**Student:** 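Have a look at this one.
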Amino acid sequence: MDVSAILDPLNDEQREATSAPPGNILVLAGAGSGKTRVLVHRIAWLIQVENVSAYGILAVTFTNKAAQEMRQRTESLLGIPAAGMWVGTFHGICHRLLRQHWQEAGLPQSFQILDSQDQQRMIKRILKSLELDESKWPAKQALWFINGRKEEGVRAEHIPDNGDPVNRQLVRIYSAYQQTCMRLGVVDFAELLLRTLEILRDNEQLLTHYQNRFRHLLVDEFQDTNTIQYALLRLLAGKHGSTFAVGDDDQSIYGWRGARIENIQQFSKDFANTQIVRLEQNYRSSGNILNAANALIDNNQGRLGKNLWTNSGNGALLDLYAAYNEQDEARFVADRIQQWVNEGGKRTEVAVLYRSNAQSRIFEETFIAATIPYRVYGGLRFFERAEIKDALGYLRLCVNRNDDASFERVVNQPPRGIGERTVELIRQHANAHSVSYWQAATACIETQQLSSRAATMVGGFLELIEKLTKNILDLQLYEQIDQLLHISGLLDHHRNDKSEKAQSRKENLEELVSAARAYEHNTEDELSPLEAFLAHAALEAGDGQADAWEDCVQMMTLHSAKGLEFKLVFLCGLEEGLFPHQMSVEEPGRMEEERRLCYVGITRAEQQLVLSYAESRRLYGKENYSMPSRFIGELPRDLLQEIRPQIMVKQSVPATFQASHASPEDFNGIDIGRRVLHTKFGEGVVLNCEGRGSHARVQVNFESAGSKWLVLAYANLQPL
DNA sequence: ATCGTCATAATTTTT
DNA sequence: TTATGACGAT
């Protein structure tokens with residue numbers, strides 16, 4: 001057996017983890033320490049050295065992308081497809097189990113999946129039917145409550161009445177929501193996990209079967225597991241399974257949505273004879289960047305403890321830019337990017353990271369003005385777009401007449417004269433008789449509860465769906481969707497609209513047909529291709545933008561940057577209240593997560609990290625002045641290089657002394673009467689100056705452009 | 001049924 | 001500031 005291909009590319013610690021005897025292993029893998037590599041090599045080791053059948057391996061990740069990558073890299077290392085191995089997200093794997101055991105789970109065979117949008121709409125309907133005031137009972141809060149309880153494995157009937165009327169009402173909503181889901185045959189994301197846990201827990205035979213099958217569990221991003229995912233792992237591992245968990249407590253940034261960093265500490269208590277391996281050698285960032293990250297995260301309590309190191313040298317210092325305002329910050333970043341490109345760098349190697357999405361706007365505007373191509377991550381994904389959801393709504397209705405969410409969505413889309421009044425009648429009938437909208441609509445027509453006009457329209461819609469169902473019965477998946485788009489009138493609806501939006505909607509619909517054509521149906525399960533495609537659409541929302549291939553700067557939130565790396569990283573908006581975010585400052589325990597988020601941001605950088613903050617920032621229409629983020633102060637001074645074009649800030653002078661005259665050193669040779677050169681306005685003479693630090697401004701009389709006040713910090717004036 | 005106006009709220013996001 | 005949703009007017 002030649003194991004050199006598996007072990008040779010690894011360092012000692014990676015090798016230790018990879019080749020450990022089967023058993024429970026916890027790998028604490030620091031940022032950039034090769035955690036995916038260890039997972040992949042471990043799988044190869046199990047198969048090639050321990051003679052484990054691929055059939056006995058279950059590998060779990062959090063994103064579809066990570067799952068794909070793991071499968072791909074495993075197969076390319078093995079040189080053969082790892083047939084029979086299960087690799088997927090928790091949700092994907094639970095979905096697969098529920099499809100196979102829908103009867104045990106008490107689900108209809110063709111159950112549908114609600115994404116969070118669907119779920120929220122559904123909760124809104126429930127709130128209405130319970131006659132609750134939406135301003136007093138926001139759907140979001142109910143959604144949060146329901147998902148939170150489900151992720152803890154708690155059903156509505158398990159929640160004790162603690163006398164709190166708010167709690168009581170929320171439980172009532174939870175209960176009504178759950179009943180409706182069951183009646184309609186739909187499950188939400190959390191339900192996929194909870195239901196799976198329940199059927200395994202309550203069905204000895206089933207549990208034993210899977211425990212025997214999956215003797216080897218591998219988990220990526222273990223620090224992100226929530227209560228139910230952890231419970232699921234324990235259940236599946238049983239007494240005889242081996243669990244190989246890889247994670248980094250310092251990169252746990254999803255506590256706010258239920259991830260429990262404690263799971264990583266708990267692991268060695270719940271999984272017998274756990275061997276712990278630390279991966280601390282970092283292959284990504286230069287020494288200075290790593291030292292900054294280490295120093296920062298050292299401020300957190302209760303860490304498992306890790307210190308990243310590298311043998312690739314210190315590299316450049318970290319840059320820190322104190323911007324005057326957010327525009328100045330964006331301009332500075334744009335300048336540095338152009339400099340990077342001028343020096344031969346690629347734009348794809350550059351990332352602009354920020355705490356909240358709202359910050360992207362000013363960068364976008366600035367980059368457009370500077371003609372810097374960029375790509376913003378986040379936002380609506382392909383299968384979440386309204387027009388795509390409309391089309392899928394029709395298909396779901398074909399598959400499941402009881403899918404009220406879809407019924408309501410498409411009954412008047414495109415508009416066919418079925419107004420709110422008619423829909424409300426159907427809703428009421430459905431609620432009163434506990435039947436689906438489809439059944440209610442049929443009944444309303446029969447009993448002539450609708451006006452003749454409405455009855456005709458609704459009847460027409462029902463027939464349309466029937467006809468559609470028949471028409472597409474024997475077609476290929478992509479033909480089914482193509483038919484649907486034509487028969488439903490969706491395509492025409494968007495075609496008739498000349499607006500730019502409608503144009504792109506039409507293109508998206510066409511893209512949907514292509515997606516269906518490219519979709520490979522796994523014939524293993526009993527689902528029809530259409531049903532499988534619908535599940536795929538819900539479980540894997542697809543990419544945001546498709547145009548990733550142009551060389552452009554990457555812009556994203558810190559959260560979405562996790563797992564990525566870039567040569568040049570800008571970490572922007574480092575201000576108290578923004579990062580760390582105000583909401584985390586106020587809530588106890590959240591500050592450490594903010595710090596981990598900052599740690600994640602720092603460790604994205606390979607060669608150069610540029611930090612920036614703005615002294616004043618416009619937020620929600622108001623000008624805000626804030627202090628530099630505490631995280632800046634937690635970085636070692638000697639790793640930082642402060643960038644302040646031409647001027648020096650004197651911290652010792654109180655702000656109240658910032659009168660109209662500044663001390664000469666603020667202006668570094670640019671004083672009244674001096675001739676200066678400006679890149680845009682050309683030559684001029686300094687007439688006046690005021691302010692200090694990065695607020696310092698000068699009035700220059702330009703020969704061609706006339707007299708202007710300029711902020712010295714970014715005017716980039718050359719004394720002549 | 002569609003458009004315009006007003007109030008309101010506003011981290012982070014995958015499945 | 002802005003986006004979103006609810007409501008009222010054509």
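Order of the sequence lines fixes the chain letters, A, B, ..., with proteins taken first and strands second; residue numbering starts at 1 for each chain. What you see is a predicted model, and the numbers here were worked out from it, not measured in a lab.
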**Student:** Is A:E575 salt-bridged to A:R617, cutoff N-O under 4.0 Å?
**Tutor:**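 Between A:R617 and A:E575 there is a salt bridge, with a charged N closer than 4.0 Å to a carboxylate O.
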**Student:** Output all residues satisfying salt bridge (charged side-chain N to carboxylate O under 4.0 Å, His left out) with A:D404, sequence neighbours left out; order by chain, then residue number.
**Tutor:**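 Salt bridge (charged side-chain N to carboxylate O under 4.0 Å, His left out) list for A:D404, sorted by chain: empty.
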**Student:** Counting only N and O atoms by type, is there a donor-acceptor contact under 3.5 Å from the side chain of A:T456 to the main-chain atoms of A:S452?
**Tutor:** yes
**Student:** To the nearest Å, give me how far apart CG (A:N325) and C1' (C:dT1) are.
**Tutor:**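 Roughly 15 Å, once rounded to whole Å.
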**Student:** Report the residues that fulfil side-chain contact (heavy atoms from CB on, under 4.5 Å) with A:E262, sequence neighbours left out, ordered by chain and then residue number.
**Tutor:**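 With sequence neighbours excluded, A:E262 shows a side-chain contact (heavy atoms from CB on, under 4.5 Å) to A:R260, A:Q265, given in chain and number order.
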**Student:** Among all residues two or more places apart in sequence or in another chain, which pass the salt bridge (charged side-chain N to carboxylate O under 4.0 Å, His left out) test with A:R495?
**Tutor:** A:D492
**Student:** Among residues at least two apart in sequence or on other chains, which ones pass side-chain contact (heavy atoms from CB on, under 4.5 Å) with A:N226?
**Tutor:**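 Counting only residues at least two positions away or on another chain, A:N226 forms a side-chain contact (heavy atoms from CB on, under 4.5 Å) with A:E151, A:I228, A:Q229.
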**Student:** Protein within reach of the bases, or only the backbone? For nucleotides 2-10 of chain C, mark each nucleotide 5' to 3' as B, S or -, using heavy atoms under 4.0 Å.
**Tutor:** SS--S----
**Student:** List, with names and distances, any nitrogen or oxygen atoms from the protein found under 3.5 Å away from nitrogen or oxygen atoms belonging to nucleotides 1-5 of chain B.
**Tutor:**
none

**Student:** What residues, two or more places apart in sequence or in another chain, satisfy salt bridge (charged side-chain N to carboxylate O under 4.0 Å, His left out) together with A:E634?
**Tutor:** A:R595
**Student:** Using the test ring pair (Phe, Tyr, Trp, His ring centres under 6.0 Å), find all partners of A:Y519 that sit at least two apart in sequence or belong to another chain.
**Tutor:**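 Ring pair (Phe, Tyr, Trp, His ring centres under 6.0 Å) check on A:Y519 returns A:F533, A:H536.
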**Student:** Taking salt bridge (charged side-chain N to carboxylate O under 4.0 Å, His left out) as the test, write out the residues that go with A:R121, two or more places apart.
**Tutor:** none
**Student:** Of the non-hydrogen atoms in A:Q223 and A:V246, which two are nearest, and what is the gap between them?
**Tutor:** OE1-O, 4.5 Å
**Student:** If a protein heavy atom is under 4.0 Å from the base, mark B; if only from the sugar-phosphate, S; if neither, -; do that for nucleotides 6-15 of chain B going 5' to 3'.
**Tutor:** ----BBBBBB
**Student:** Please tabulate, for side-chain N and O atoms in residues 577-584 of chain A, each donor-acceptor pair with protein atoms closer than 3.5 Å (sequence neighbours left out).
**Tutor:**
residue	atom	partner	partner atom	Å
A:H581	ND1	A:M583	N	3.1
A:Q582	NE2	A:E586	OE2	3.3
A:S584	OG	A:E594	OE2	2.7

**Student:** Would you jot down, in residue-number order, the residues of residues 223-232 of chain A having a non-hydrogen atom under 4.0 Å from DNA chain B?
**Tutor:** none
**Student:** Is A:R596 close enough and on-axis enough to A:Y599, meaning under 6.0 Å and within 45°, for cation-pi?
**Tutor:**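 Negative - A:R596 is either too far from the ring of A:Y599 or too far off its axis.
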